[in-house]
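Just below is one structure, and these are the notes that go with it.
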Number of protein chains: 2
Amino acid sequence: MHSLSEENYLKAIYSQTKEGVSKITPTSIAEELRNNPASVIDMLKKLSDKKLLSYDKVKGAKLTEKGNKIAVEIVRKHRLWEVFLLEKLGYSWGEVHDIAEQLEHIRHEDLADRLDKFLGYPTYDPHGDPIPDKNGKLPATKWLPLSEIAIGKKVKVVNVDDNSPDFLKYLDRQEIGLNSIITIREIQNFDKSLLVELKGKKEVYLSPEASKKIFVE
Amino acid sequence: MHSLSEENYLKAIYSQTKEGVSKITPTSIAEELRNNPASVIDMLKKLSDKKLLSYDKVKGAKLTEKGNKIAVEIVRKHRLWEVFLLEKLGYSWGEVHDIAEQLEHIRHEDLADRLDKFLGYPTYDPHGDPIPDKNGKLPATKWLPLSEIAIGKKVKVVNVDDNSPDFLKYLDRQEIGLNSIITIREIQNFDKSLLVELKGKKEVYLSPEASKKIFVE
DNA sequence: TAATTTTATTAGGCATGCCTAATTTTAATT
DNA sequence: AATTAAAATTAGGCATGCCTAATAAAATTA
Ligand SMILES: [Mn+2]
Ligand SMILES: [Mn+2]
Ligand SMILES: [Mn+2]
Ligand SMILES: [Mn+2]
């Protein structure tokens, strides 16, 4: 079996792969896990011995099928637990991620499937991330960062790229959430801040950083 | 903060205290945790330094108020999660304990309280063990082992003392569960096996070991 | 009480998963 | 191409939580 730590490495590599990082290096992993490249190299060696990934100075790290399967299972559990925490326990979308970081490592044969059923087979988590199904299949996701939408367009928020309590509380205060309908009113010349209209509500400014983290369709 | 391992020690000492073990020794703890007395002594030293317990060759180990509080919180989470697994996810009472062993260590400020609310403030877990409330208070429990009940008496099963899948599956096959109504029909002379009648069902034999693990009122 | 058995304790080790401080490679600049 | 900067790797350590083997203390039994 694999340890909690090993699972977090696999998940980090999985997520960088999904993000399209072209070469997954000790440095990039260390940044994500907030630890040290030297520690990462130790672990890459171990996971490589276990055939969960390949590592090559030139090509970087890449999950094997076996490693990918484990990573997908953890991601599935993580996102299902987030749905549980939000829908059943009433946590906010800014609180669920940290708790799910712990819950994702709970191990039991059909726990994920039972949870999935109990929750009604949700397809997206509270941040709009797709939930792998029983077989690891992901629902389609086609979305664009708000920062690339033209003036006048009306769009719907379907994903946020930053699950930190900080950022999500910022959005809460702006009254922006998943499924918010947004129309771009102005793009400030001096810094690319956006002035957006929230359907039926108010107009708010979004920093360029924020608008890169909000995905819409 | 305390580690998962530390939490398990505190819980073990708590549970021996509740069982009325008069002197909680390195050996008794090691047996419960299935590890080595030498390891236990290391940990007793650490927990003692942290003021979570006192340890004395003569008096054995004893939780401080602080240590007791932590132990109660873990027991609370353990039992609440067991209720969740049984009632919401449809696990059997023989399966929930092992999963709850993992879930009890999930840490978040008001997780237990939210779970408690979600479950409708249950007072007993699937094995009949009392669930501490928000303030650590336990509901009353007055019950006797089935082995001490006289012939002819009709009693209700309210607790089982062994949460292992093995034993609980044995009870399942005998169709005995919490709230089963049982009448003692015979006590075998040669080994104290019981012949009991299950209300409206059938008569079954219970081994003396089993009858000591079934508590009734 | 003396011998025996059980329990507690100490000493020394090991695996895991981190770290820092070199050192070596590789990449980027000048 | 030479210099400089960044990234990868190696070496050596450390805390945690275990272990076994050896020793000391306590409890039992004879
Ligand atoms: Mn998350
Ligand atoms: Mn994690
Ligand atoms: Mn249990
Ligand atoms: Mn536990």
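So that the names make sense, note that chain A is the first sequence line, chain B the second, and so on, each numbered from 1.
Using a 4.5 Å heavy-atom cutoff, the side chains of A:R76 and A:E104 are not in contact. Taking 4.5 Å as the limit, every side-chain heavy atom of B:H127 sits out of range of all side-chain heavy atoms of B:R79.
Between D:dA7, D:dC18, D:dT9, one nucleotide has an atom nearer to the side chain of A:T27 than all others, and that is D:dA7. Of the candidates C:dT10, D:dT10, C:dT9, C:dT10 carries the atom nearest the B:K45 side chain, counting heavy atoms from C-beta on. Considering only side-chain atoms of A:N35, the nucleotide from D:dC18, C:dC19, D:dA25 that sits closest is C:dC19. Among the nucleotides D:dA25, D:dC18, D:dT10, the one closest to any side-chain atom of B:K57 is D:dA25.
Paired runs in DNA chain D that reach 3 or more consecutive Watson-Crick or G-U pairs, where each pair keeps both distances under 3.5 Å, cover C:1-30 with D:1-30.
The side-chain hydrogen bond (donor to acceptor under 3.5 Å, both in side chains) pairs that include a residue from residues 128-147 of chain B are B:D129-B:N159, where partners are two or more places apart or lie in different chains. For residues 60-71 of chain B, no residue pair satisfies the side-chain hydrogen bond (donor to acceptor under 3.5 Å, both in side chains) rule, not counting sequence neighbours.
Positionally, the nearest nucleotide of DNA chain D for B:R34 lies more toward the 5' end than for the other of B:K23 and B:R34. In terms of position along DNA chain C, the nucleotide closest to B:D56 lies nearer the 5' end than the nucleotide closest to the other residue of the pair B:D56 and A:Y9. Nearest-nucleotide assignment on DNA chain C puts the 5′-proximal partner with B:S28, out of A:P37 and B:S28.
Among the atoms of the strands shown, only primed sugar atoms or phosphate atoms (P, OP1, OP2) are found under 4.0 Å from some heavy atom of B:S5.
With hydrogens and angles left out, the side chain of A:D42 and the base of C:dC18 share a donor-acceptor pair within 3.5 Å.
Between B:Y9 and B:Y14, the gap from one ring centroid to the other reaches at least 6.0 Å.
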